[in-house]
Amino acid sequence: MLRKIIRCYKKHIFCCLCIIFFIKDRNERQSEREFEQSQYININLRDIVDQIRKTSKTSVQPLNNLTSSYRLLKIPLKKKCMSHICGSVDMIYLVKSSVLNFSKRIAIRETWGNNTRMRTLTIFIIGYSEPLQSSIDFESKKYDDILQFDMQDIYDNLVFKTVFSIAWLCDINIQAKFIHFVDDDRMINPQNLLDLAIKSIPLFEMKMVGFKVTSAKPYRRNSSKWYISVNEYEFDVWPPYLIGGTAVTNMLVIKTLREAIPYSKVIRIEDAYIGILANMLNINLEHNEGFLPVFVPGSKLIDKISSPDYKSYDIMSREWKVINSHFEYISKESNMV
């Protein structure tokens, strides 16, 4: 009798779970259909990009000139690109950094951003702050890795750090297989990231990989850092997007985004905006659990990609030693074989 009750209970739980997943999937697909059919999108971005690629022009009037009007205050790689390294690299890290975060940038330069085992470039994207500009001048001259745009360095301009850096990447002559957008508080396991990119992102496929969220809702409370009004975005649910603007992709996607941005309505919620563009352009957003949404120490990153909330130089330096010692151990083992 007890076994029958248990079996019935398990069947009931299974049926409930199936119903929940069915409703969740249906709601996600419905929200995406509503988004595609709305007046928010009054043009077909895919058709526009195809026209531009075939004829180098389109009859559609742009909504903005962001990708052609950005102003640079500091340009990186002047010294590095005099050598062969800029001819072809495996990965470019585009690190979105607050102008204030000097110690975080130093920590990245001394840890995952300076991995000599791989052909990578690390570039820090910052805005402008008058009181700090003399320090930025010194930092840029010393490290040659600062990409500074002529805009106020505030959270509301984060989306423009991404938009402008996409345009800049397309305007320079660097051959890169993969591009990784990342915040300056993330610890990265570089080898795992590159292995993932090589395995999962063909160079001619429209794909971005990160930690994907679905059915996320816009913040409507105007006291929130992530507040967005109904006038800016009218729907109750965002299209799927990769959290924190942390994503790895290829240059095909970068070029496609650059061509599409002038014909899209830009919103200040960076990761959601890229998710909107991905939805409109049929860019596949692939979820990967290795891009952790919460902090873990270096010992837990041995088989992961990255972790956020590395908020100080000391923490990043200490935990990098754990990851790096693993690299060194693997390297020694390989040499012995």
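Along the sequence shown, residues carry numbers from 1.
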- Query: Per the salt bridge (Lys or Arg N to Asp or Glu O under 4.0 Å) rule, which among Lys311, Lys161, Lys96 passes with Asp183?
  - Reply: Lys96
- If you round to the nearest 0.5 Å, how far is CE of Met208 from CD1 of Ile179? 10.5 Å
- Would you say Thr249's side chain and Lys207's backbone share a donor-acceptor pair under 3.5 angstrom? yes
- Message: Between Tyr273 and Val163, is there a side-chain heavy-atom distance shorter than 4.5 Å?
- Response: yes
- Query: So do Lys304 and Lys300 actually touch side chain to side chain, heavy atoms under 4.5 Å?
  - Reply: no
- Task: Work out which heavy atom in Arg186 is nearest to a heavy atom in Leu292; give both atom names and the distance.
- Result: NH2-O, 2.7 Å
- Task: Mind telling me whether Tyr219 and Trp226 have parallel, tilted or perpendicular rings, with 30° and 60° as the class edges?
- Result: tilted
- Message: Contact between Ile146 and Ile126 at the side-chain level, heavy atoms closer than 4.5 Å - yes or no?
- Response: yes
- Query: Is any side-chain heavy atom of Asn157 less than 4.5 Å from a side-chain heavy atom of Tyr155?
  - Reply: no
- Under the side-chain hydrogen bond (donor to acceptor under 3.5 Å, both in side chains) test, which residues partner Thr162, sequence neighbours left out? Glu270
- Task: Report whether Ile254 and Ile198 are members of the same hydrophobic cluster (ILVMFWY, side-chain heavy atoms less than 4.5 Å apart, transitive linking).
- Result: yes
- Query: Is there a donor-acceptor pair under 3.5 Å between the side chain of Asn250 and the backbone N or O of Glu205?
  - Reply: yes
- Pairwise distance OG(Ser98) to CG(Leu100) - rounded to 0.5 angstrom: 4.0 Å
- Item | Results of side-chain hydrogen bond (donor to acceptor under 3.5 Å, both in side chains) for Glu139 - residues two or more places apart only | Arg105, Arg109
- Task: Establish whether Val182 and Ile106 are linked, either directly or via other cluster members, by ILVMFWY side-chain heavy-atom contacts under 4.5 Å.
- Result: no
- Test Thr111 against Tyr310 for side chain to side chain contact (heavy atoms under 4.5 Å, CB included), laying out the working first. CA-CA 12 Å; Thr111 58; Tyr310 277 73; over 6 Å; no
- Item | Over all atoms of both residues, closest heavy-atom pair of Arg258 and Thr67 | NH2-O, 3.0 Å
- Task: Determine yes or no for a side-chain-to-main-chain donor-acceptor pair under 3.5 angstrom, with Lys212 supplying the side chain and Pro240 the backbone.
- Result: no
- Could you pull out the closest heavy-atom pair between Ile188 and Trp320, with the gap in Å? O-CZ3, 3.7 Å
- Task: Give the cluster check for Leu132 versus Phe138: same hydrophobic cluster or not, with ILVMFWY residues linked at side-chain heavy-atom distances below 4.5 Å.
- Result: no
- Query: Roughly how far apart are Asp236 CG and Lys217 NZ, rounded to 0.5 Å?
  - Reply: 7.0 Å
- Worked verdict on Ile125 versus Trp168 for side chain to side chain contact (heavy atoms under 4.5 Å, CB included): CA-CA 11 Å; Ile125 309 164; Trp168 176 79; over 6 Å; no
- Task: Could you tell me whether a side-chain N or O of Ser317 sits under 3.5 Å from a main-chain N or O of Asp314, the two making a donor and an acceptor?
- Result: no
- For residues Leu77 and Ile123, report the shortest heavy-atom separation together with the two atoms involved. CD1-CD1, 3.9 Å
- Item | Ser264 (side chain) donor-acceptor with Ile261 (main chain) under 3.5 angstrom | yes
- Task: Would you confirm whether Asn192, through its side chain, and Ile302, through its main-chain N or O, come within 3.5 Å as a donor-acceptor pair?
- Result: yes
- Message: Working note: Asn114 + Glu110, criterion side chain to side chain donor-acceptor pair (under 3.5 Å); need CA distance, chi angles, decisive distance, verdict.
- Response: CA-CA 6 Å; Asn114 186 32; Glu110 294 180 359; over 6 Å; no
- Asp144/Lys78 salt bridge by N-O under 4.0 Å criterion: no
- Does the side chain to side chain contact (heavy atoms under 4.5 Å, CB included) test come out yes or no for Ile48 and Ile52, once each step is laid out? CA-CA 6 Å; Ile48 291 173; Ile52 292 172; 3.9 Å; yes
- Note on the structure: Phe124 and Ser97 have their tightest heavy-atom pair at CD2-CB, 4.4 Å
- Using the side chain to side chain donor-acceptor pair (under 3.5 Å) rule, take Arg53 and Thr256 through it: C-alpha gap first, then chi angles, then the decisive distance, then the call. CA-CA 10 Å; Arg53 288 179 176 172; Thr256 302; 2.4 Å; yes
- To the nearest 0.5 Å, what is the distance between CG (Leu72) and CZ (Phe164)? 9.5 Å
- Which atom names give the shortest non-hydrogen contact between Ile228 and Pro218, and what distance separates them? CG2-CB, 3.6 Å
- Query: Same cluster for Ile172 and Val253 if Ile/Leu/Val/Met/Phe/Trp/Tyr side chains link at under 4.5 Å?
  - Reply: yes
- Task: Could you go through the side chain to side chain contact (heavy atoms under 4.5 Å, CB included) check for Ile323 and Trp112 one step at a time?
- Result: CA-CA 9 Å; Ile323 299 174; Trp112 58 263; over 6 Å; no
- Out of Asn282, Ile283, Ile276, which one pairs with Met280 under the side-chain contact (heavy atoms from CB on, under 4.5 Å) rule? Ile276
- Check whether any side-chain N or O of Tyr233 sits under 3.5 Å from a backbone N or O of Val237 as a donor-acceptor pair, and report yes or no. yes
- Task: Hey, can you tell me if Tyr93 and His180 have their rings parallel, tilted or perpendicular (30° and 60° cut-offs)?
- Result: perpendicular
- Is it the case that more than 12 heavy atoms not belonging to Asn64 sit under 6.0 Å from its CG atom? yes
- Would a distance-only check, ignoring hydrogens and angles, find a side-chain to backbone donor-acceptor pair under 3.5 Å from Ser103 to Tyr313? no
- Value rounded to 0.5 Å, distance of CZ in Phe149 from CZ in Phe160: 12.0 Å
- salt bridge (Lys or Arg N to Asp or Glu O under 4.0 Å) against Arg221, all qualifying residues, sequence neighbours excluded: none
- Item | Atom pair CD1/CG of Ile166 and Leu94 - distance to nearest 0.5 Å | 9.0 Å
- Is there a chain of hydrophobic side chains (I, L, V, M, F, W, Y, each step under 4.5 Å between heavy atoms) that links Ile201 to Leu203? yes
- Item | Donor-acceptor contact present, side-chain Arg220 to main-chain Ser229, <3.5 Å | yes
- Query: Under 3.5 Å, is there a donor-acceptor pair between the side chain of Asn44 and the main chain of Asp47?
  - Reply: yes
